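Heads up, the thing below is written out as C-alpha cells.
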Number of protein chains: 2
Amino acid sequence: MQSVGSETDLTSVESIEQELTLLVRRAQKVHLRGGPTEQVVERAAYGILAWLHDTGPLRSSELAAHFHLDASTISRQVAALEQAGLVTREPDADDRRALRLRLTEHGRGVLTTTRAERRGVVRELLRSWSPEDLARFASLLAAFNAGLDEHLTGDPHTAEGGQR
Amino acid sequence: MQSVGSETDLTSVESIEQELTLLVRRAQKVHLRGGPTEQVVERAAYGILAWLHDTGPLRSSELAAHFHLDASTISRQVAALEQAGLVTREPDADDRRALRLRLTEHGRGVLTTTRAERRGVVRELLRSWSPEDLARFASLLAAFNAGLDEHLTGDPHTAEGGQR
DNA sequence: CCAACTGATTGCATGTACCAACCATAACGG
DNA sequence: CCGTTATGGTTGGTACATGCAATCAGTTGG
C-alpha cells in the first residue's frame with residue numbers, strides 16, 4: 001500500500017477501480033421491469049433491443065462483437081426476444097446461413113417505454129448535478145467505454161498490469 | 001424521440017444511460033483471474049475481500065447492506081471464500097447467532113495481488129488521460145455511486161422517472 | 001416460558017455467460 | 001464437381017450470481 005505508487009496518478013486510478021467495482025455490482029439492480037404493458041425486458045435484452053434500434057438490422061455475430069459476448073449467449077437472448085415478439089429473424093439474402101435481426105413494431109414500442117423508464121431513473125439520480133458535470137460525466141464515460149472496447153478487442157490480456 | 005426532452009439536460013442523461021448500460025455489460029469481462037499464484041478470485045468475491053480489508057471484520061448482514069444484495073447471496077460467497085481459506089468466520093461474542101468475517105493472512109495476500117492487477121488494467125486503460133480528467137472521473141463516479149446507493153437504500157421505486 | 005424478532009443458511013428458480021460439439025451454408029482448391 | 005476448410009448459428013452442459021421462501025438458532029420482551 002506504500003510502494004505501489006509509480007506510474008500515473010495512482011490515487012485517482014485506485015479510486016476509479018474501486019468505484020467501478022461497486023458500480024458494476026450495484027447498477028445491475030436498476031433493472032427496470034414492468035411498464036404500462038407489464039412487459040419485462042431483461043437487462044441483457046434491453047441492450048440488444050437498443051442497439052438494434054439505433055443501428056438497424058444486424059446479424060447475431062455483429063451483436064456479439066459489439067457486446068464482446070459469446071455467440072451462444074446472443075443466440076439464446078435473441079431467441080427469447082423473438083419468442084416475445086420483439087424482434088424478427090429474417091433470412092439474409094446474401095448468405096443463407098445468416099439471419100438479419102430486426103425490431104418489430106412491438107419491439108420498438110417496448111424499447112421506447114423501457115428506455116424512457118431507465119432514463120427517468122438516471123435523470124432522477126442526477127437531478128442535482130450541474131449541466132457541466134453531466135456533460136463531463138457523459139463524455140468521460142464514453143471515453144472509458146471506448147478504451148475498454150479497445151482493450152477487449154485488441155488484446156486478450158497483453159495489458160501487463162505491472163507486478164510479476 | 002422528439003417530445004421526450006423536457007426536464008434536465010436530456011442529451012447528457014441519455015448518453016449517460018447508454019454508456020452505463022454498455023459499461024455494466026462489458027466491465028464484467030475484466031474479470032481478472034489467475035495471478036502469480038493462479039489464485040482465482042471470483043468477481044463477486046473480490047468486492048467482499050476488498051471491503052473486508054478496508055473496513056475490518058464485518059458481519060454478513062453488513063456486507064449485504066453495503067452491496068445491496070440478499071443475505072443468501074453473501075452467505076454463499078463467504079462460504080466459498082472461507083472454503084478457499086481467504087476469510088475466517090469467527091463467532092461473535094456479543095451475539096451468538098452472528099459471525100464476524102475476517103480476512104486471513106492469505107486472503108490479504110490474494111487481495112493485494114488481485115487488486116494490483118485490476119488497478120494495473122485500469123491504469124492501462126486510462127494511460128492517456130490527463131490527471132485532471134482522471135480526478136474528475138474519479139469524483140464523478142464516486143458521486144454517482146453515492147446517488148445510486150441512496151436510491152437503492154431509500155426507496156424501492158419511488159423515484160418517478162417521469163412518463164406514465 | 002412463549003412470542004416475536006433477527007442473523008444466517010439452505011432449497012429452489014432464473015438470468016447471464018462460456019466452451020465444446022454440432023449443423024448448414026460458403027469459399028476454395030484441385 | 002467434390003472434398004476441405006471456414007463461417008454463421010444453435011444446442012448441450014456447466015458455472016456463477018442473485019433473489020425469494022423456508023428453516024434453524026439464538027435474542028428480547030412480556
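No experiment lies behind these values; they were computed from the predicted model shown. Each chain gets a letter, A, B and so on, in the order the sequences are listed, and its residues count up from 1.
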Taking only side-chain N and O atoms of Arg96(B), does any of them lie within less than 4.0 angstrom of OP1 or OP2 on dT27(D)? yes
Please determine whether any donor N or O and acceptor N or O are separated by less than 3.5 Å between the side chain of Arg97(B) and the base of dT27(D). no
Does Thr73(B) make a side-chain N or O approach to OP1 or OP2 of dT18(D) shorter than 4.0 Å? no
State whether Arg43(A) places a side-chain N or O below 4.0 Å from either non-bridging phosphate oxygen (OP1 or OP2) of dG15(C). no
How many Å lie between CD on Glu62(A) and C1' on dT7(D), as a whole number? 13 Å
Toward the 5' end of DNA chain C, by each residue's nearest nucleotide, Asp95(A) or Ala71(A): Ala71(A)
Geometric class of the Trp129(A)/Phe144(B) ring pair [parallel <30°, tilted 30-60°, perpendicular >60°]: perpendicular
For Lys29(A) and Leu152(B), indicate whether the former's side chain and the latter's backbone hold a donor-acceptor pair under 3.5 Å. no
So Ser60(A), base contact, sugar-phosphate only, or nothing? Heavy-atom distance under 4.0 Å. sugar-phosphate
Ser75(A) (side chain) donor-acceptor with Ala71(A) (main chain) under 3.5 angstrom: no
Using a heavy-atom cut-off of under 4.0 Å over every strand shown, decide if Leu99(A) touches base, sugar-phosphate, or nothing. sugar-phosphate
Look at Arg25(A) and dT18(D) and indicate whether a side-chain polar atom (N or O) is within less than 4.0 Å of OP1 or OP2. yes
Nearest-Å distance, CG (Leu101(A)) to P (dG8(D))? 14 Å
Under 4.0 Å from OP1 or OP2 of dA8(C): is there any side-chain N or O of Ser61(B) that close? yes
Is Arg89(A) near enough to dT10(D) that one of its side-chain N or O atoms lies under 4.0 angstrom from OP1 or OP2? yes
Just by distance, do the side chain of Arg26(B) and the backbone of His66(A) share a donor-acceptor pair under 3.5 Å? yes
From CG of Asp70(B) over to C1' of dG11(C), roughly how many Å is that when rounded to an integer? 13 Å
Please give, in whole Å, the distance from dT18(D) C1' to Leu152(B) CG? 14 Å
I need the Leu63(A) CG to Leu52(A) CG distance, nearest 0.5 Å. 5.5 Å
Establish, with yes or no, whether the OP1 or OP2 oxygen of dA17(C) is under 4.0 angstrom from a side-chain nitrogen or oxygen of Gln77(A). yes
Using modelled atom types only, decide if a donor and an acceptor are shared between the side chain of Thr104(A) and the backbone of Gly85(A) within a distance under 3.5 Å. yes
Please report the distance, rounded to the nearest Å, between CG in Leu69(A) and C1' in dG15(C). 13 Å
Whole-Å distance between dT14(C) C1' and Glu42(A) CD? 8 Å
Could you pick out which residue, His68(A) or Ile74(B), lies toward the 5' side of DNA chain C when each is mapped onto its nearest nucleotide? Ile74(B)
Atom-pair distance (CD on Gln83(A); C1' on dT10(D)), nearest Å: 15 Å
For Arg76(B), answer base if it contacts any base atom (sugar-phosphate contacts may also be present), sugar-phosphate if it contacts only those atoms, and nothing otherwise; contact means non-hydrogen atoms under 4.0 Å. base
Spacing between Asp94(B) atom CG and dT28(D) atom P, to the nearest angstrom: 10 Å
Does a side-chain N or O from Lys29(B) land closer than 4.0 Å to OP1 or OP2 of dA17(C), or not? no
